[in-house]
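Contents: one structure, followed by commentary.
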Amino acid sequence: MSEKLYIFDTTLRDGEQVPGCQLNTLEKIEIAKALDELGVDVIEMGFPVSSPGDFNSIVEITKIITRPTLCALTRAVEKDIDVAADALHFAKHKRIHTGIGTSQYHITHKFNSNQDDILERAIACVKYAKKYVEDVEFYAEDAGRTENEYLARVVEAVIAAGATVVNIPDTTGYCMPEEYGAKIRFLIENVKNIHKAVIATHCHNDLGMATANSISGILNGARQVEGTINGIGERAGNTALEEIVMAVKCRKDLPVFTEVVTPKIYRASRLVSTLMRMPVQPNKAIVGRNAFAHSSGIHQDGVLKNRESYEIINPVDVGINESSIVLTARSGRHALSHHLERIGFKLSSEALDDAYRKFLKLADRKKDISDEDLRVIVGVGQSEQQRRVKLKYLQVVCGKSSIPMATVQLNIDGEICTSTAAGSGPVDAAFNAIRQLVHRKVTLEEYLVQVVTRGSDDIGKVHVQIENQSNTYYGFSANTDVVTASAEAFIDAISKIV
Ligand code: KIV
Ligand code: ZN
């Protein structure tokens, strides 16, 4: 019988340790709300003793979020635990996550200590935390490189001291899946009070094994998985929770189920990416822009005949409207006719042959074929030069101690219109000015700048993804001036809104 797998999210703690990803209290609350809606079981909100800002965010989250268990991290230090208990004062379901390093690296170099002393400190921190809360999770930091016999002694002792959950972190992402699974199995088989606690995996991704190691942990008896949305976290990151959740949903042979509301995954991923300013790589499993995009002719044909030919997950199950058949030079007739039908053209077989020839010619020159291009191909609509919205003029004013302002002139259907707007930076100001002119409710979902080489005079490639009335549109441009490239990419995306 399938058992419940507890999903422990540490986006706001381990995820937030990434340089440049720091969040303010309001942003943390917004992410906590999304995690609550997503249905995770535990939200680790931060490390309260680390800063007054972290402490305050935790307090504010506990006043709003009531369903999941709310957790705060500490070291095996009484002061940390006092502060965590204080921060958790308003939490309905509270947990203190305390622990200490157990590998020889930590014992010798970090603590200048020995195994027996560390064991005593592990027991003491759990007992101390138990004075404040019933639910105490213990972590054996660097358990991945801790010898199994000693780890088993520590785990048995902290469970006897009252730990309800024992976390076995592969802190440095060193383990191989079989090795990590064997470690969990060793604990299950050799710790005599193990049934009194839940064993948790907490895997880092330094060798790209985080998801595989967590799954191996599950197969060997772990019943809590810790990770973050989009896999963000220290160095190469943590286990990506969306991957675990969808692996469990997709692979019915795994012995567990989760209570995550999977259609909320994509929204949570976008929110974390935007607020933490961490773009998601396009080929990222489950949530990447290309995760459900099919571009080769053979695959497109297969998916159009039966989605399951090339898709193991229904995109709707993760909150993405449908799989996208992207038209490129490698697309076949079937994909072209599918797109044409979607925008209202049902062609005879000869007309389709003709359209396909024109399409291939255009696709050789142009990466991204839009609906407007298809209309041109079938003889209705405008050519790219006649695109409805074109950037005529852009001027930005920005710099230290000045409010970023942009003046934009667009040619919309032959009519010239001008607007000026302020923003948080020159790109934001340009986007705001464009928005004022196109009168569309457009939400920026993704904004990614890549430079081709490394000089300051490089060409910047800008990718933009926008949302309008639940549809997603992609825009691209390249220019040595990144602000101009950004404005053009934004307009490129907007032009695709039919
Ligand atoms: O990776 C790790 O060991 C941790 C612990 C503090 C739980 O994040
Ligand atoms: Zn960690």
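Start at 1 and go down the list; that is how both ligands and their atoms are numbered. Quick caveat, the model's predicted, so the values are computed rather than measured. Throughout, residue positions are numbered sequentially from 1 according to the sequence presented.
The Zn ion (ligand 2) lies at the vertex of an angle of 90° between the OD2 atom of D14 and the NE2 atom of H202 (rounded to 10°).
Counting heavy atoms of neighbouring residues, nucleotides and ligands inside a 6.0 Å radius, atom NZ of K192 does not exceed 12 of them. Annotation: K130, atom NZ; neighbour count of heavy atoms from other residues, nucleotides and ligands within 6.0 Å is above 12. The number of heavy-atom neighbours closer than 6.0 Å to CD1 of I298, taken from other residues, nucleotides and ligands shown, is 12 or below.
Scanning the protein for heavy atoms near atom 1 (O) of ligand 1, the closest one is H204 NE2, 3.0 Å. At the shortest separation from atom 4 (C) of ligand 1 among protein heavy atoms lies H202 NE2, 3.5 Å.
A heavy-atom separation below 4.0 Å is not found between E234 and ligand 1.
Selection from T171, T74, I168, N238 by nearest heavy atom to atom 2 (C) of ligand 1 gives T171. Ranked by closest heavy atom to atom 5 (C) of ligand 1, the top entry among Y139, F47, F138 is Y139.
Every atom of ligand 1 is numbered from 1 in the order shown, and the set under 4.0 Å from a heavy atom of P169 is 2 (C), 3 (O). Of all the atoms in ligand 1, the ones that sit under 4.0 Å from a non-hydrogen atom of E141 are 3 (O). Below 4.0 Å from some heavy atom of D14 lie the following atoms of ligand 1, by number and element: 8 (O). Close approach of ligand 1 to N167 (heavy-atom distance below 4.0 Å) involves ligand atoms 7 (C).
Taking the charged nitrogens against the carboxylate oxygens, D41 and K4 do have a contact shorter than 4.0 Å, which makes a salt bridge. Using a 4.0 Å cut-off between a side-chain N of Lys or Arg and a carboxylate O of Asp or Glu, K284 and E242 qualify as a salt bridge. With respect to E141 and R121, no salt bridge is recorded, no charged nitrogen being found less than 4.0 Å from a carboxylate O.
With respect to M45, the side-chain contact (heavy atoms from CB on, under 4.5 Å) criterion is satisfied by exactly one of I61, I31, I65: I61.
E234 lies apart from the Zn ion (ligand 2) in this respect, since none of its N, O or S atoms is found at a distance under 2.8 Å.
Side chains of R307 and N314 form a contact here, defined as non-hydrogen atoms less than 4.5 Å apart.
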